[in-house]
Structures are given as C-alpha cells and as structure tokens.
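Everything on this sheet refers to the single structure shown next.
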Amino acid sequence: MPRTAVRYLYLTRHGEATSDESELTEAGRRQAALLGERLRGVPLTAIHHGPLSRAAQTARLVGEQLDGVPLQLAATAGDYVPYLPSREELPSETADAMLGFLNQFPVEDREQGPGLAEAALAAFTGPVVGDEPRHELVVTHNFLVGWLFRAALDAPKWRWMGINHANAALTVIRYAPGRPPAVLLFNDTGHLPAELRWTGFPQELHI
C-alpha cells in the first residue's frame, strides 16, 4: 500500500455576486481580496475553482494575494444539486418544503449534480498519496460546501440541505490517515469587516 499523508481542505463560497450572478460586486471583490490576505502563509499547492464566472473571479482575486499558487478549473467545484433525496429520507414535517425547493432547479442540475458530487468527494477529500501534507483551496458554491461538510461529519446524504455558507467565509477540514475527518473551521468570517459578513444568507439568518 502507498504511504499517505494529511490533506487540509480549505473551502470557500465565491464572493458576493451581482443580481444576475455574472460577476462579483465591489463588496464581493473586497471579500475575495481579504480572504487571499488571510491565506498568506498557508502552503497552498492549488486553488481549485468552479467554471462559473463568480467562482473563477473569486479564485483569481484570492490568487493575486498569494505567491504563484496555480489556479485549476474543476467542473466538480461547480454549482449543482449534489444529492436528490427521496421523500422517505426526509423529516416528515419538512419533506414537502424541501422537495419543493429542489424542484425549482433545472433538470440538468438535478440529473448531473449527484455524479459531480461523488467525483468531488473523490477529488477533494481524504488523505493524499505521499509523505507530505497537502493544503488545497476550493472556491465553490453554497451547495458543495454543505455537501463536503456533511460528508466530513458522516451525516445523511440529504443533510447538505440547510447548511449555509457566507460569501468568502472559510471552512477547513483535516483528513488524516487512519482518523475520521476533523472540521477545524466552519463558515469563519474573521477576516472580513462587519459590513462584509453574512452576505449570501437570507436576512433572517444574519447574526
């Protein structure tokens, strides 16, 4: 068996986007730059990002604050529905609302998403082959952060729903050989001033 080493997975949701989601707002650009400043000194080997412009722009702005960390486009870091639960899997009191929420997304997102989500688990989680720890950043979207976070906790597959991540906040998960994943940070916005925190959430979830 090959030797394996620790993986540190850094996850972030893209910065705040315009209403048509075609690019970042000025606040979103500031969020991305501040996240890059926070990550200075982290020995990142790659910044993976999804194909949509708001994720790609965030990754570029983060990368500008770092020293030559390569950007890598990954379809698995895109915006899609990662898992479609059956009614029987869901809490009875919320099943109708949750299934109704999922049905509003395009059929393509719902059909292709679960395969991409499994590929994301294979690509971004677990210990790495070799002797050296690896630090990687994935710039993605709310749903995939929830999917990878719930996987780290071995929660039911449907439980990616209801896990929300602020724009340009930071989650860090450690995968060590022979040990369960450890969530070191979740949705941390300590690098952002108060006016840039909690964007991407409905107002009632701002704290």
### Message
For the backbone of Tyr80 and the side chain of Asp109, can you confirm whether one donor and one acceptor N or O come within less than 3.5 Å of each other?
### Response
no
### Task
Quick one: list whatever passes side-chain contact (heavy atoms from CB on, under 4.5 Å) with Asp188, sequence neighbours left out.
Arg38, Leu185
### Task
Measure the OG1-CG distance between Thr58 and Leu35 for me, rounded to the nearest 0.5 Å.
9.0 Å
### Task
Starting at CZ of Phe101, measure out to CG of Leu99 and round the result to the nearest 0.5 Å.
11.5 Å
### Pairs where residues 154-167 contributes a residue and the test salt bridge (Lys or Arg N to Asp or Glu O under 4.0 Å) is met, not counting sequence neighbours
Glu118-Lys157
### Task
Please answer whether the main-chain N or O of Phe201 pairs with a side-chain N or O of Asn164 as donor and acceptor at a distance below 3.5 Å.
no
#### Entry: Side-chain (Arg110) to main-chain (Val81) donor-acceptor, under 3.5 angstrom
no
### Message
Any side-chain to backbone donor/acceptor pair from Thr171 onto Asn187? Under 3.5 Å, distance only.
### Response
yes
Enumerate, atom names and distances included, each donor-acceptor pair closer than 3.5 Å involving a side-chain atom of residues 62-78, sequence neighbours excluded.
| residue | atom | partner | partner atom | Å |
| --- | --- | --- | --- | --- |
| Glu64 | OE2 | Arg60 | NH1 | 3.0 |
| Gln65 | OE1 | Arg40 | NH2 | 2.6 |
| Gln72 | OE1 | His48 | ND1 | 3.4 |

Donor-acceptor pairs under 3.5 Å, side chain of residues 120-129 to any protein atom, not counting sequence neighbours: which ones?
| residue | atom | partner | partner atom | Å |
| --- | --- | --- | --- | --- |
| Thr125 | OG1 | Leu121 | O | 2.5 |

### Message
Would the distance check show the side chain of Ser53 and the main-chain N or O of Ser22 forming a donor-acceptor pair, the cut-off being under 3.5 Å?
### Response
yes
### Message
I need the Gln31 CD to Glu195 CD distance, nearest 0.5 Å.
### Response
10.0 Å
### Query
Roughly how far, to the nearest 0.5 Å, is the CZ atom of Arg174 from the NE2 atom of His135?
9.5 Å
### Query
Heavy atoms, side chains only, cut-off 4.5 Å: are Leu102 and Pro85 in contact?
yes
### Straight-line distance of Met98 CE to Arg87 CZ, nearest 0.5 Å
11.5 Å
#### Entry: Any side-chain heavy-atom pair of Trp158 and Pro91 under 4.5 Å
yes
## Note on the structure
Excluding Leu52, membership of its hydrophobic cluster (Ile, Leu, Val, Met, Phe, Trp, Tyr; side-chain heavy atoms within less than 4.5 Å) reads none
### Task
Determine yes or no for a side-chain-to-main-chain donor-acceptor pair under 3.5 angstrom, with Arg150 supplying the side chain and Ile163 the backbone.
no
### Task
Return the set of residues passing side-chain contact (heavy atoms from CB on, under 4.5 Å) with Ala56 (not counting sequence neighbours), or none when no residue passes.
His49
### Message
Can you tell me how far apart OG1 (Thr199) and CZ (Arg13) are? Round to the nearest 0.5 Å.
### Response
7.5 Å
### Message
Between Trp198 and Ile207 (side chain of the first, backbone of the second, donor and acceptor by atom type, cut-off under 3.5 Å), is there such a pair?
### Response
yes
### Query
Do any N or O atoms from the side chain of Thr12 and from the backbone of Ala169 form a donor-acceptor pair under 3.5 angstrom?
yes
### Query
Counting distance only, does the side-chain N/O of His141 pair as donor-acceptor with the main-chain N or O of Ala55 below 3.5 Å?
no
